[in-house]
**Q** 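Before we start, here is the structure in question, set down as structure tokens.
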Amino acid sequence: MGSDMIYPIWPAFVTQFLGANLTILGFIDGLGEALVSISKSLSGLLSDKIRKRKVFIWTGYLMGLLSRIGYALSKSWIWLIPFKVLDRSGKIRSAPRDALVAEVSVDTNRAKNFGLLRAMDHLGAVVGILLSLLLFKYLGYRKLFLIAAIPTFIAVLLVIFGIKETKKDFIKVKTDFKVKYLSKDYFLFLISSAIFSLGAFSYSFLLILSREKGYATINMPIFYLIFTIAATLFALPSGSLSDKVGRKFVIFIGYIVWILVCLASIYFPRGIGIIILFILYGMHKGILEPVQKAFVSELAPEKYKASAIGLYQMIIGLCALPASMIAGFLWDKFGLIYPFSLSILLTILSVIIVITIKEKRLSAE
């Protein structure tokens, strides 16, 4: 809820309110992910080593809380850089949290559980977006950012006092994690996901597209709301479907939907087309996120689950900076058709690699 009170108005805040161009927007959006992606990997390694998950989760939310206060105080786009890094540093919660979900699941409900996690995340986003729509006109950017810190603070308290964990829930390991423990299929999926991520640029560009087609800034939260509702509706069913038919099949569907997003951005960015565009974007998020998380957790070694998930998230995060910067540069210099066309080519390459991955047989145990 706290994050998504900000996200719908973030592109306009950076470009209109603070005067940055699209290349700078792409740099800021990608920089945080790239710089702190290493911390994702380290948090996974450390979580496996000390056999704790919870502390990384609430600390990550606390970092997000502090960044929102920082955004409210920023007087130029340069100020946003350290707070964006702090905000994305909150992703240290990701690998330990995903490992926790994977460990309390079995093969036949793992993706469903990840789907539930993503559905609740998107549901909170829907509430945050509605609050953004209701309050932005009266509060403006800075006060809204400060208000957004409140639900994040509540989240910190919920994790600290609501989650119980004991060391006995973890598998004891005698040696430190090494890359050689990872399988060929894990690396193939890592490479495929990295290539796809190089073309899966920030949502900010779709919101900028809507603005360039004549929609006012006040409409941006509405478009953000549309894709978030779509992501909420598709996350749990997609996870459940992959538990039944396999991970690869559902991942292929997600890739196809992303290609449709790119085509819609090029050919149908007006009227009902812009609504369809954001529905498709939400569908692709809802389909891919839970299934990718389940798949990588299954390809990871049992004893080093958080470490392997953290490495995966680190590589994907490192791809975020060039993805958004390349998209911003191509758009600024040559027009919108170029970043979307490049993304389609990278997605097709990702599909080819995923085809070669051997998917393990799902078990109810």
Side-chain angles (χ1 to χ4, degrees), residues 4 7-12 14-16 20-30 33 122 125 129 193 195-234 238 251-289 316 319-351:
D4 288 272
Y7 288 165
I9 58 174
W10 174 258
V14 178
T15 58
Q16 290 185 326
N21 60 29
L22 283 177
T23 303
I24 291 174
L25 174 64
F27 171 74
I28 293 174
D29 277 357
E33 291 289 348
H122 291 308
I129 296 165
S193 299
I195 291 172
F196 176 74
S197 295
L198 284 172
F201 39 79
S202 167
Y203 73 93
S204 296
F205 291 94
L206 298 183
L207 294 177
I208 293 295
L209 175 63
S210 71
R211 194 183 74 193
E212 287 194 353
K213 297 305 178 181
Y215 294 93
T217 301
I218 194 67
N219 292 316
M220 288 191 179
I222 298 176
F223 294 134
Y224 194 88
L225 177 64
I226 290 171
F227 92 67
T228 304
I229 291 175
T232 304
L233 295 176
F234 278 86
S238 298
I251 288 173
F252 290 147
I253 295 175
Y255 284 164
I256 291 172
V257 174
W258 174 252
I259 290 175
L260 293 176
V261 169
C262 295
L263 292 175
S265 299
I266 296 172
Y267 297 109
F268 307 107
R270 297 178 184 272
I272 191 68
I274 201 75
I275 297 176
I276 295 174
L277 168 63
F278 281 97
I279 291 174
L280 289 172
Y281 185 79
M283 287 175 59
H284 122 268
K285 283 285 188 182
I287 292 170
L288 280 182
E289 289 176 339
I316 302 307
C319 293
L321 177 57
S324 292
M325 288 191 67
I326 291 170
F329 174 79
L330 290 175
W331 196 330
D332 275 338
K333 297 298 181 180
F334 306 106
L336 68 87
I337 190 172
Y338 288 90
F340 291 106
S341 298
L342 175 62
S343 184
I344 291 173
L345 292 176
L346 293 174
T347 303
I348 293 173
L349 180 57
S350 299
V351 169

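Everything numeric here is computed off the predicted structure, so don't read it as measured data. Along the sequence shown, the residues carry numbers beginning at 1.
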**Q** Which pair of non-hydrogen atoms, one from I344 and one from C262, has the smallest distance, and what is that distance?
**A** CG1-CB, 3.6 Å

**Q** I need the minimum non-hydrogen distance between H284 and G254, along with the two atoms involved.
**A** CB-O, 4.1 Å

**Q** Under 6.0 Å from the CZ atom of F252, do we count more than 12 heavy atoms belonging to anything else shown?
**A**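 Result for CZ/F252: enclosed.
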
**Q** If the plane angle is over 60° it's perpendicular, under 30° parallel, otherwise tilted; pick one for F223 and F278.
**A** parallel

**Q** Shortest non-hydrogen contact from T15 to N21?
**A**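 Looks like CG2-O, 4.3 Å.
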
**Q** Please step through side-chain contact (heavy atoms from CB on, under 4.5 Å) for the pair W258 and L346, ending with a clear verdict.
**A** CA-CA 11 Å; W258 174 252; L346 293 174; over 6 Å; no

**Q** Side-chain contact test, heavy atoms from C-beta onward, threshold under 4.5 Å: evaluate it for I326 versus P339 and give yes or no.
**A**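 Heavy-atom side-chain distance check fails, nothing below 4.5 Å.
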
**Q** Within a strict 4.5 Å, meaning less than it, do heavy atoms of the W10 and L25 side chains meet?
**A** yes

**Q** Taking the side chain as every heavy atom from C-beta outward, state whether L288 and F196 have any pair of such atoms under 4.5 Å apart.
**A** yes

**Q** Please give me the minimum heavy-atom distance between S343 and A200, naming the atom from each residue.
**A**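 S343 and A200 have their closest heavy atoms at OG-N, 4.3 Å.
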
**Q** Can you confirm whether I24 sits close enough to I28 that some side-chain heavy atom of one is under 4.5 Å from a side-chain heavy atom of the other?
**A** yes

**Q** Considering all heavy atoms of both residues, which atom of L342 and which atom of L330 are nearest to each other, and what is their separation?
**A**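 That closest heavy-atom pairing would be CD2-CD1, 4.1 Å.
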
**Q** Specify the closest pair of heavy atoms between S341 and I266, including all atoms of both residues, with the distance to one decimal.
**A**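 S341 and I266 have their closest heavy atoms at OG-CD1, 4.0 Å.
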
